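Here the structure comes first, spelled out in structure tokens, and everything after it is commentary.
The structure displayed is predicted, hence computed values, not measured ones. Here, residue 1 is the first one in the sequence, and each next residue gets the next number.
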Amino acid sequence: MNIIEEISKRQEEIKAEILRVVQDQTYSLTQKNLIMQPLVDENKILSEAVEKLNGLKTKNYFGLCNPV
């Protein structure tokens with residue numbers, strides 16, 4: 001499986017977990033923040049990784065040493 005697909009799958013899991021926490025009325029707002037902050041941070045890093053991996057696909061690696 002493609003790494004970008006793996007990351008996207010994990011991002012969907014994170015979104016589902018965040019939604020579950022938001023909808024759970026047994027947690028206080030402080031508890032929700034403590035639970036969700038690592039998830040939000042992970043999702044942010046994964047989004048940056050996908051952006052950089054997609055950038056690699058379109059990057060021009062033509063070197064200046066090869067004057068064609």
Side-chain angles (χ1 to χ4, degrees):
M1 185 180 265
N2 186 335
I3 188 69
I4 294 175
E5 293 172 2
E6 293 274 342
I7 291 172
S8 296
K9 181 179 174 185
R10 177 61 184 140
Q11 286 180 304
E12 291 301 319
E13 292 170 356
I14 290 171
K15 289 176 186 175
E17 181 68 16
I18 289 172
L19 190 58
R20 185 192 64 77
V21 171
V22 167
Q23 293 175 344
D24 191 336
Q25 297 298 318
T26 62
Y27 294 129
S28 70
L29 289 177
T30 302
Q31 289 173 318
K32 288 180 181 186
N33 285 338
L34 290 173
I35 293 168
M36 290 190 312
Q37 190 59 50
L39 295 170
V40 171
D41 290 343
E42 181 182 355
N43 193 47
K44 180 180 176 184
I45 291 169
L46 292 174
S47 295
E48 291 171 4
V50 167
E51 182 180 318
K52 289 182 180 188
L53 288 169
N54 282 326
L56 288 175
K57 289 180 181 180
T58 60
K59 187 173 182 178
N60 182 1
Y61 285 101
F62 184 76
L64 297 176
C65 296
N66 189 1
V68 176

Inset, instruction - Kindly write out the residues that satisfy side chain to side chain donor-acceptor pair (under 3.5 Å) with Asn54, not counting sequence neighbours, or none if the list is empty. - result: none
Inset, instruction - Determine, for Glu17 against Arg20, whether the closest basic-nitrogen to carboxylate-oxygen distance falls under 4.0 angstrom. - result: yes
Inset, instruction - Applying side chain to side chain donor-acceptor pair (under 3.5 Å), name anything that partners Ser8, two or more places apart in sequence or on another chain. - result: none
Legend entry - Rounded distance [0.5 Å steps], OG1 in Thr26 versus NZ in Lys32: 8.0 Å
Legend entry - From NZ (Lys9) to CD (Glu12), nearest 0.5 Å: 11.5 Å
Legend entry - Sidechain N-carboxylate O distance under 4.0 Å for Arg10, Glu13: yes
Legend entry - Atom of Leu46, atom of Ile14 and distance for their closest heavy-atom approach: CD1-CD1, 3.9 Å
Inset, instruction - Please name all residues satisfying side chain to side chain donor-acceptor pair (under 3.5 Å) with Gln37, sequence neighbours left out, ordered by chain then number. - result: Asp41
Inset, instruction - Could you tell me which residues satisfy side-chain contact (heavy atoms from CB on, under 4.5 Å) with Ser28, sequence neighbours excluded, listed by chain and number? - result: Thr30, Gln31
Legend entry - ILVMFWY network linking Tyr27 to Val22, side-chain heavy atoms under 4.5 angstrom: yes
Legend entry - Contacts of type side-chain contact (heavy atoms from CB on, under 4.5 Å), residue Val40, not counting sequence neighbours: Ile18
Inset, instruction - With rounding to the nearest 0.5 Å, note down the distance linking CG in Asn2 to CG in Leu53. - result: 8.5 Å
Legend entry - Cluster overlap Val21 with Leu19, hydrophobic side-chain contacts below 4.5 Å: no
Inset, instruction - Using a cut-off of 6.0 Å, state whether more than 12 heavy atoms not belonging to Glu48 lie near its atom CD. - result: yes
Inset, instruction - Give a yes or no on whether Leu56 atom CG has more than 12 heavy-atom contacts from other residues, nucleotides or ligands under 6.0 Å away. - result: yes
Legend entry - Sequence-distant partners of Gln11, side chain to side chain donor-acceptor pair (under 3.5 Å), two or more places apart: Asn43, Ser47
